[in-house]
Each structure stands twice: as structure tokens, then as C-alpha cells.
Asker: 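Pasting a structure here, questions to come.
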Amino acid sequence: PNLSILATAREPMATDGERCVPVGGFAVPDAQGAGEQVWRDSPAVELFERRAYEANREFRLTDAMLGAVADLCVVVGGSPTGICLAAAATAVDGGAAEETLSAAAASVGRGSPEVSRMVAWACDRLPGPTRETLRRLSAFDSWFGVPAAATVCDDAAVGDALEALSRRDLVQTDEGGRLYRLPRAVAAYLRTGAWENK
């Protein structure tokens with residue numbers, strides 16, 4: 001009866017006696033005053049680099065890119081969701097990474113680290129058919145499999161779209177890679193009128 005468990009979770013577990021403590025974003029150094037090595041060692045940049053590498057195994061964080069990554073981390077207030085969305089888009093899209101990061105930072109707006117704005121930016125970068133797939137997937141409130149997604153999306157080849165969305169952190173997978181769900185921030189954005197007006 002005196003047992004206590006400390007657990008981390010993306011969502012409340014809704015158990016008796018549960019007490020939730022929201023955890024904020026990473027502490028980020030002063031963008032202007034911190035040196036290159038301070039940023040290289042920061043958890044925010046480490047998360048960016050790891051997530052970008054997971055999305056594209058050929059991705060490497062260059063010295064030239066570090067300043068843009070640091071600026072992005074400051075703009076999103078160290079938000080892990082914001083950092084992961086920007087990292088995945090940067091790695092998957094290829095091209096000029098600095099431009100992608102600058103666009104992400106501009107979409108949020110300095111001093112206003114709203115996750116929904118980062119989600120909107122990431123969704124807006126999707127090709128039309130993939131965006132439509134994501135919109136239809138918002139019908140699910142929890143985990144779903146490929147057969148259910150194919151039914152909702154009316155597309156037997158929905159697996160490719162799920163893979164593309166997963167690489168961009170717009171869809172999460174379970175450890176076995178058989179089930180999918182929308183992250184809370186993505187689901188919340190898709191269920192607002194803002195998405196329909198795009």
C-alpha cells in the first residue's frame with residue numbers, strides 16, 4: 001500500500017492516485033552569448049541531431065548548420081515536440097537545412113513558442129495526398145493498425161503514407177511498428193478549423 005511509482009509518459013495514464021507533473025522543454029543556452037561547444041553539448045541540440053539522424057541516416061549536423069539549429073531551439077523554447085518536428089523535416093526534405101530551420105523559426109515567431117504553430121508548419125510542408133491521409137487519420141482517438149487506416153483513408157497502399165508521416169514525427173508507432181497513433185499536439189491541431197481552412 002505504500003508503493004509509489006515514478007513514471008514518464010506522453011499522456012496521463014488515468015490510474016487511481018495518479019498525480020501528474022508536466023515537464024517543460026529543455027533549458028537552452030543564451031543564443032547570443034553561448035559558444036559553439038556549449039550548444040554542441042546542449043540536450044536540445046543533441047535531441048535535434050539524434051532525431052534528424054533517425055529520419056535520415058545520411059544526415060550530419062555541420063558547423064555551418066549549428067547556428068540555425070541553436071536559434072530554432074531558442075525560438076521553440078526548448079520544446080521537444082518543436083525540435084523533433086523541425087529536425088525530421090530538415091533531414092527528410094534535404095536541400096538547404098538553414099532555410100528549412102529559418103522557415104520553422106519564422107512560423108513560430110520569436111517569443112511565442114506555441115507547439116501548434118510548429119505542427120501547422122510541419123503539416124503544411126506535406127504533399128497534398130499525404131496531407132489528406134493525415135487529415136483522415138485524425139478520426140482515430142488512439143492506436144490503430146494499417147487495415148483500419150486503409151479503411152478510413154480508402155487507400156490500400158496507406159502504409160507508404162504512414163511511413164512518410166512517421167519519419168516526420170507526425171505519426172507515432174509502437175515498439176513493434178505495427179500500430180500507429182497521432183501525437184496529441186498533431187491530433188489537436190487537425191481537429192481545429194485551422195486545418196480545414198488551409
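Residue indices begin at 1 and follow the sequence shown.
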Asker: Passes side chain to side chain contact (heavy atoms under 4.5 Å, CB included), Tyr53 versus Glu58? Steps please.
Answerer: CA-CA 7 Å; Tyr53 178 75; Glu58 296 180 6; over 6 Å; no
Asker: From Arg168 CZ over to Thr90 OG1, what is the distance, rounded to the nearest 0.5 angstrom?
Answerer: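 Answer rounded to 0.5 Å: 10.0 Å.
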Asker: Using the side-chain contact (heavy atoms from CB on, under 4.5 Å) definition, which of the options Leu165, Val146, Leu137 pairs with Tyr180?
Answerer: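 For Tyr180, the side-chain contact (heavy atoms from CB on, under 4.5 Å) check succeeds only for Val146.
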Asker: Give the intermediate values and the outcome of side chain to side chain contact (heavy atoms under 4.5 Å, CB included) for residues Leu85 and Leu170.
Answerer: CA-CA 8 Å; Leu85 286 170; Leu170 293 168; 3.8 Å; yes
Asker: Verify side chain to side chain contact (heavy atoms under 4.5 Å, CB included) between Asp124 and Arg131, making sure each step is shown before the conclusion.
Answerer: CA-CA 8 Å; Asp124 289 345; Arg131 286 183 62 192; 4.1 Å; yes
Asker: Work out which heavy atom in Ala55 is nearest to a heavy atom in Ala91; give both atom names and the distance.
Answerer: CB-CB, 4.1 Å
Asker: Determine the minimum heavy-atom distance between Phe26 and Pro80, stating which atoms define it.
Answerer: CE1-CG, 4.0 Å
Asker: List the atom of Arg167, the atom of Ala88, and the distance in Å for their closest heavy-atom pair.
Answerer: O-CB, 3.3 Å
Asker: Could you give the distance from CZ (Arg135) to CG (Leu126), rounded to the nearest 0.5 Å?
Answerer: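 Between atom CZ of Arg135 and atom CG of Leu126 there are 13.5 Å.
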Asker: If every non-hydrogen atom of Arg136 is compared with every non-hydrogen atom of Cys153, which pair is closest and at what distance?
Answerer: NH1-O, 3.3 Å
Asker: Report yes or no: does Asp174 contribute a side-chain atom to a donor-acceptor pair with the main-chain N or O of Arg178 at less than 3.5 Å?
Answerer: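 Between the backbone of Arg178 and the side chain of Asp174 there is a qualifying donor-acceptor contact (under 3.5 Å).
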Asker: Look up atom CG in Leu101 and atom CE in Met65, then write down how far apart they are to the nearest 0.5 Å.
Answerer: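 Here the rounded value is 7.5 Å.
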Asker: Is the CD atom of Glu18 crowded by more than 12 outside heavy atoms at less than 6.0 Å?
Answerer: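 Buried by this count: over 12 neighbours within 6.0 Å.
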Asker: From Thr151 OG1 over to Phe144 CZ, what is the distance, rounded to the nearest 0.5 angstrom?
Answerer: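 So the gap between those two atoms works out to 12.0 Å.
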Asker: Name all pairs fulfilling the salt bridge (charged side-chain N to carboxylate O under 4.0 Å, His left out) condition that reach into residues 45-55, sequence neighbours left out, sorted by first residue then second.
Answerer: Arg50-Glu54, Arg51-Glu54, Arg51-Asp169
Asker: At what distance, to the nearest 0.5 angstrom, does CG of Leu66 lie from OG of Ser42?
Answerer: 8.0 Å
Asker: Looking only at atom types and distance, does a side-chain atom of Ser166 sit under 3.5 Å from a main-chain N or O of Leu162, one as donor and one as acceptor?
Answerer: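 No, the answer is negative, given that no donor and acceptor are paired below the 3.5 Å cut-off.
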Asker: For Trp121 and Thr100, run side chain to side chain contact (heavy atoms under 4.5 Å, CB included): C-alpha distance rounded to whole Å, both residues' side-chain angles, the deciding distance at 0.1 Å, then the answer.
Answerer: CA-CA 11 Å; Trp121 172 82; Thr100 300; 3.9 Å; yes
Asker: How close do Phe140 and Ala149 get, heavy atom to heavy atom, and via which atoms?
Answerer: CZ-N, 4.0 Å
Asker: Under a single-linkage rule joining Ile, Leu, Val, Met, Phe, Trp and Tyr whose side-chain heavy atoms are separated by less than 4.5 Å, which residues share a cluster with Leu179?
Answerer: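 Once heavy-atom contacts under 4.5 Å are chained together, Leu179 belongs with Trp143.
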Asker: Going by the salt bridge (charged side-chain N to carboxylate O under 4.0 Å, His left out) test, which pairs reach into residues 151-162, not counting sequence neighbours?
Answerer: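 Residue pairs passing salt bridge (charged side-chain N to carboxylate O under 4.0 Å, His left out), neighbours aside: none found.
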Asker: Considering all heavy atoms of both residues, which atom of Ala150 and which atom of Val158 are nearest to each other, and what is their separation?
Answerer: N-CG1, 3.7 Å
Asker: Between Ser138 and Leu134, is there a donor-acceptor pair closer than 3.5 Å when you use the side chain of the first and the backbone of the second?
Answerer: no
Asker: To the nearest 0.5 Å, how far apart are CZ in Phe48 and CZ in Phe59?
Answerer: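 Reported value, rounded in 0.5 Å steps: 4.5 Å.
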